[in-house]
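Here, residue 1 is the first one in the sequence, and each next residue gets the next number. Every number for a ligand or one of its atoms is a count from 1 in the order of the listing.
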Amino acid sequence: MRFDVITLFPDLFGPHLTLGITRRAYESGQVDVRLWPLRDFAEDNYRRVDDRPYGGGPGMVMLAEPLQRALGAVLASRAEAGDAQAVTVVHFSPTGAPITQALVRQLAEGPGAVLLCGRYEGIDQRLIDRHVTLELSLGDFVLSGGELPALALLDAVARLQPGVLTVESHQQDSFSADGLLDCPHYSRPEVLAAPDGPQAVPAVLLSGHHGQIQRWRRDQSLLITARRRPELIAAARAAGRLSAADEKTLLQAPVQTGL
Ligand code: 9WO
């Protein structure tokens, strides 16, 4: 799939695309990322991409016209590459829909998207009204631009590409297996020296009993999910993803009273 990123800061993307495990997905072209520096689409002598807001107030607004030209260039390039489909145009904003693993999976199987990265106080609303088809949020906090959310989305999509991770590992992620949070992980040493006293690895993980280890991990996932994200337990139960053994474990978790 192909992602076209329209941004004032294309240099923010370089290290992500060339380092780490997801590099495979980018360098193989499984996830083809094209950067479109917005400054290149400014037309006046000052290469202006922002201006003061109508109605007054602080800060600057990203101009619609350079964004229109950049989008036009992206669509022409995608058409030239034989992609006739109507492409999803994403804008990142705290007012968007939360990014979920289900959405990431969908994107990872589709033709890609255009990622519009806002800066300053935001983008002229008319550009959003006319062109943006999907507004996405990383959560209820404010950043200084849409580039980090775009990188987060690319990373989430890239790691799902065949051959990027070991076969099993993303089937065991938080949310992927059963919509539960991940269990804790441990490695060497067996006993960690620490200022407040030694910390041992849970004994079951050293037992060699694969069945008991699986059960322990499942129990840890269930209990941490019940504590931190009870709505995910309710969803797993409603979808028939909890066994009788799971329900027995959950009897140890605090009961949700709704009060
Ligand atoms: C900022 C904002 C703040 C409160 C309520 C709504 C809001 N929308 C935006 C917005 O679209 N800002 C643009 C993109 C321009 C300024 C930097 N931008 C941005 C995106 N800041 N924070 C995000 C963001 C995106 C996804 N998830 C969390 C934050």
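For atom 9 (C) of ligand 1, the closest non-hydrogen atom of the protein is P94 CD, 3.6 Å. Of the protein's non-hydrogen atoms, the one nearest atom 21 (N) of ligand 1 is L143 O, 3.0 Å. The protein heavy-atom contact nearest to atom 14 (C) of ligand 1 is F92 O, 3.8 Å. Scanning the protein heavy atoms around atom 28 (C) of ligand 1, the nearest turns out to be F141 O, 3.4 Å. Summary of contacts: the protein heavy atom closest to atom 12 (N) of ligand 1 is E121 O, 4.3 Å. If you check which protein heavy atom lies closest to atom 13 (C) of ligand 1, you get G122 CA, 4.0 Å. Looking only at protein heavy atoms, the nearest one to atom 16 (C) of ligand 1 is Y120 O, 2.9 Å.
Residues L242 and L222 are in side-chain contact: their nearest non-hydrogen atoms beyond the backbone lie under 4.5 Å apart.
Atoms of ligand 1 lying under 4.0 Å from any heavy atom of S144, numbered from 1 in the order shown and given with element: 17 (C). Here is the list of ligand 1 atoms found below 4.0 Å of a heavy atom in L136: 26 (C). Near H91, meaning under 4.0 Å from one of its heavy atoms, ligand 1 places the atoms 11 (O). Using a 4.0 Å cut-off to heavy atoms of T95, the atoms of ligand 1 that qualify are 6 (C).
Counting heavy atoms closer than 4.0 Å to ligand 1, residue P149 contributes side-chain atoms (C-beta onward) but none from N, CA, C or O.
The residue among D140, I128, V142 with a heavy atom at the shortest distance from atom 3 (C) of ligand 1 is V142. Considering only non-hydrogen atoms, atom 26 (C) of ligand 1 lies nearest to L138 out of L138, L153, L116, I99. Of the candidates C117, S93, G146, the one placing a heavy atom closest to atom 8 (N) of ligand 1 is S93.
R78 places a side-chain N or O within donor-acceptor distance of the main-chain N or O of R2, the cut-off being under 3.5 Å.
V164 and I21 make their closest contact through O-CG1, 3.3 Å (heavy atoms, listed as atom of the first residue, atom of the second, distance).
Residue R69 qualifies as enclosed at atom CZ: its count of foreign heavy atoms under 6.0 Å is above 12. Within a 6.0 Å radius of CG in D129, more than 12 heavy atoms belonging to other residues, nucleotides or ligands are found.
Contact check on D40 versus R47 returns a salt bridge, with a Lys/Arg side-chain nitrogen under 4.0 Å from an Asp/Glu carboxylate oxygen. Between E231 and R229 there is a salt bridge, since a side-chain N of the basic residue sits under 4.0 Å from a carboxylate O of the acidic one. Here D51 pairs with R48 in a salt bridge; the nearest charged N to carboxylate O distance falls below 4.0 Å.
Between Y26 and H16, the ring-plane angle classifies as perpendicular under the 30° and 60° cut-offs.
Side-chain heavy atoms closer than 4.5 Å link hydrophobic residues (I, L, V, M, F, W, Y) into clusters, and following such links, even through other members, never connects L63 to W36.
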